[in-house]
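Since the structure comes first, as structure tokens, the remarks are kept for the end.
Quick note: residue numbers are just sequence positions, from 1.
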Amino acid sequence: MAALLGPKAVEAPYAPGHAQYKLRQWQDVGGTNLQRWERKQHTQAAWNHIICNTSNGNGVHWVFMVYRLVPTFELHILDPYENTANLTLIRKLFPSAHITGMGHQAPDDWWRCGYIVLWWHLFCHFYIANCVSNTDVFDPTVLPQLPAQWEELCFLLLRACETQQSMPARHSY
């Protein structure tokens with residue numbers, strides 16, 4: 001039966017392509033030329049941020065990670081829920097991480113986490129670039145609440161992209 005199903009899938013958070021996997025690679029030494037090049041890109045004392053899925057599937061729960069690799073590895077994992085009990089795998093992978101339940105998502109809301117962390121990601125592109133120096137401590141309380149109708153804007157942008165992709169090309173550029 002196992003031969004029919006193929007090899008066992010790698011359980012998250014170790015699956016390549018996921019944010020957790022990338023962070024682990026950047027912490028390691030050695031590796032391929034590409035891995036060493038990527039690690040070198042993150043050797044400045046600068047804050048970075050990524051969106052992270054807590055599972056290996058299509059999406060179970062999304063959290064936001066803010067990190068810097070030097071002078072020492074520092075990682076903040078920000079959960080839209082106030083309760084962070086569902087982050088057990090991430091806690092095992094990054095035991096020294098600062099995990100914060102932000103309380104931006106209601107306990108009975110099962111789908112808004114992706115929209116919330118996307119909003120934080122967009123906010124941090126500007127906030128980290130303009131307001132945080134490399135020596136500053138990251139303060140998660142700066143992350144804003146989700147604006148009204150953010151989900152609708154995301155949906156409309158996705159729909160516009162799908163419409164544009166289905167249109168025949170009219171220009172040669």
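Taking SG of Cys52 as the reference point, atom CG of Asp79 lies at 10.5 Å (rounded to 0.5 Å). Taken to the nearest 0.5 Å, the CG atom of Leu75 stands 9.0 Å off from the CG atom of Leu93. A distance of 10.0 Å separates CH2 in Trp110 from NE2 in His61, rounded to the nearest 0.5 Å. Taking OG1 of Thr141 as the start and CG of Leu143 as the end, the distance is 8.0 Å to the nearest 0.5 Å. Rounding to the nearest 0.5 angstrom, the gap separating the CZ atom in Arg112 from the CG atom in Leu118 is 14.0 Å. In this structure, the separation between NE2 on His98 and CD on Glu74 is 4.5 Å, given to the nearest 0.5 Å.
Among all heavy-atom pairs drawn from Tyr67 and His49, the shortest one is CE2-N, 4.0 Å. Among all heavy-atom pairs drawn from Met102 and Pro140, the shortest one is CE-O, 3.0 Å. Here the shortest heavy-atom pairing between Ile116 and His104 reads CD1-O, 3.6 Å. In terms of heavy atoms, Val117 sits closest to Pro80 at CG1-CG, 3.9 Å. Of all heavy-atom pairs between Tyr115 and Cys154, the closest is CE2-CB, 3.6 Å. Listed here is the closest heavy atom pair of Arg91 and Ala85: NH2-N, 4.4 Å.
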For side chain to side chain contact (heavy atoms under 4.5 Å, CB included), just list the numbers for Val142 and Asp139, CA-CA rounded to whole Å, side-chain angles, deciding distance to a tenth of an Å, and then say yes or no. CA-CA 6 Å; Val142 301; Asp139 178 14; 4.1 Å; yes
Original post:
Could you go step by step and tell me if Asn48 and Val66 meet the side chain to side chain contact (heavy atoms under 4.5 Å, CB included) rule?
Top reply: CA-CA 6 Å; Asn48 298 288; Val66 179; over 6 Å; no
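Here the side chain of Asp109 pairs a donor or acceptor atom with the backbone of Trp111 at under 3.5 angstrom. In this structure, Thr100 contributes its side chain and Leu78 its backbone to no donor-acceptor pair below 3.5 Å. Between the side chain of Trp62 and the backbone N or O of Ile51, no donor-acceptor pair lies under 3.5 Å. Proximity of a side-chain donor or acceptor of Trp119 to a complementary backbone N or O of Gln145 within less than 3.5 Å is detected.
Side-chain heavy atoms closer than 4.5 Å link hydrophobic residues (I, L, V, M, F, W, Y) into clusters, and following such links, even through other members, never connects Ile99 to Tyr81. The cluster map of Ile, Leu, Val, Met, Phe, Trp and Tyr, joined by side-chain heavy atoms under 4.5 Å apart, puts Phe126 and Ile128 in the same cluster. Grouping the Ile, Leu, Val, Met, Phe, Trp and Tyr side chains by contacts below 4.5 angstrom, directly or via other members, places Leu153 apart from Leu158. The hydrophobic clustering, which links ILVMFWY residues whose side-chain heavy atoms are closer than 4.5 Å, places Trp120 and Trp47 together. When the side chains of ILVMFWY residues are joined at heavy-atom separations under 4.5 Å, either directly or via intervening members, Phe73 and Val63 end up in a single hydrophobic cluster.
Side-chain atoms of Leu87 and Ile77, non-hydrogen and from C-beta on, do get closer than 4.5 Å to each other.
You'll find the ring centres of His76 and Phe64 outside the 6.0 Å limit.
Between Tyr127 and Phe123, the angle of the ring planes stays under 30°, which puts this pair in the parallel group of the 30/60° scheme.
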